[in-house]
Protein chains: 2
Amino acid sequence: MGKNLVGNHIRKLRFNHDEMTQQQLADKVGVTRQTIVALEKGNYSPSLELAFRIAHTFNLPLEEIFYYGENTKQ
Amino acid sequence: MGKNLVGNHIRKLRFNHDEMTQQQLADKVGVTRQTIVALEKGNYSPSLELAFRIAHTFNLPLEEIFYYGENTKQ
DNA sequence: ACATAATGTAAAATAAACCATACATAAAGT
DNA sequence: ACTTTATGTATGGTTTATTTTACATTATGT
């Protein structure tokens, strides 16, 4: 599986943004809900392109959503 | 090939950092030289994980190296 | 009780990132 | 002339991200 070293705050951010649902976020950034599920679970790290789109959706700099480090849970 | 919308300043940064070579950068971030070549050419956008490692190598925030937009050349 | 909406989980298929290898070219040094 | 170093280019193979489909669960509303 190859150890994913990138974590994120997507789940928290969804609830801070008008209780946005997984499906709504998926639609906004142009992926399927399964992709959002996988990212929230930390199954793998997204493409840089997708990371940018998610950051844009939440109006935040990319590095306030995604972080790199040993501790996948920050 | 799927239209890459992410650009970067890797090539410029290599020369600003002690004339770092493609191979040296590749070694530092743990990929092959071919991957660096492909990134500089804009063939595709890296994984978020690799993007983080590159940013770390140059001691810069990720978004000062990679950018998202219509104009792939900034 | 029934329907609907949000989420969890799983597996097979496709697409994209990345590797391995190989050869070619141009510049720089000896 | 020869060697070395950095880079460009190409191709086939492996790994990882993402899609598609499908079914289960829990909560909410009627």
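Remember, predicted model here, so these are calculated numbers, not experimental data. A, B, ... follow the sequence lines: proteins, then strands. Residue 1 opens every chain.
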Are any side-chain N or O atoms of [X] and backbone N or O atoms of [Y], one a donor and one an acceptor, separated by less than 3.5 Å?
X	Y	answer
A:Asn8	A:Leu39	yes
A:Asp18	A:Met20	no
A:Gln22	A:Val37	no
A:Asn4	A:Gly42	yes
B:Glu63	A:Leu62	yes

Fill in: Any residue of residues 17-30 of chain B with a heavy atom less than 4.0 Å from an atom of DNA chain D
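When residues 17-30 of chain B is checked for heavy atoms under 4.0 Å from DNA chain D, the hits, listed by number, are B:Thr21, B:Gln22.
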
Practice prompt. Specify the residues of residues 51-61 of chain B, ordered by number, for which at least one heavy atom lies under 4.0 angstrom from an atom of DNA chain D.
Written response: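 Heavy-atom contacts with DNA chain D come from no residue of residues 51-61 of chain B; none.
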
Worksheet item: Say you draw a straight line from CD of A:Gln23 to CG of A:Asp27; how long is it, rounded to the nearest 0.5 Å?
Response: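 With rounding to 0.5 Å, CD (A:Gln23) is 4.5 Å from CG (A:Asp27).
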
Item to complete: Supply the atom-to-atom distance B:Thr57 OG1 to B:Phe52 CZ, rounded to the nearest 0.5 angstrom.
Response: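 Rounded to the nearest 0.5 Å, the OG1-CZ separation comes out at 13.0 Å.
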
Worksheet item: Which residues in residues 32-41 of chain A have at least one heavy atom lying under 4.0 Å from any atom of DNA chain C?
Response: A:Arg33, A:Gln34, A:Val37, A:Lys41

Could you give the [atom1]-to-[atom2] distance, from [X] to [N], as a whole number of Å?
X	N	atom1	atom2	result
B:Leu48	D:dT16	CG	P	16 Å
A:Leu50	C:dA15	CG	P	18 Å
A:Asn43	C:dT9	CG	P	10 Å
A:Asn8	D:dA17	CG	C1'	14 Å
B:Arg14	D:dA6	CZ	C1'	9 Å

Worksheet item: Are any of the side-chain nitrogens in B:Arg14 or B:Glu40 under 4.0 Å away from the carboxylate oxygens of its partner?
Response: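 Looking at B:Arg14 and B:Glu40, the cut-off is met.
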
Worksheet item: Mind checking whether B:Tyr67 and B:His9 have ring centres under 6.0 Å apart?
Response: yes

Discussion item. Apply ring-ring contact (aromatic ring centres under 6.0 Å, His included) to residues B:His17 and B:Phe58 and explain how you reach the verdict.
Written reply: CA-CA 8 Å; B:His17 276 251; B:Phe58 288 128; 4.9 Å; yes

Worksheet item: Minimum heavy-atom separation for B:Glu64 to B:Leu60, with atom names?
Response: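 Answer, listing the atom of B:Glu64 first, then B:Leu60: OE1-CD2, 3.6 Å.
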
Discussion item. Does a side-chain N or O of A:Ser45 approach OP1 or OP2 of D:dA17 to a distance below 4.0 Å, or not?
Written reply: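 Indeed, a polar side-chain atom of A:Ser45 lies that close.
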
Worksheet item: According to a strict under-4.0 Å criterion, is B:Arg11 in side-chain N/O contact with OP1 or OP2 of D:dA6?
Response: no

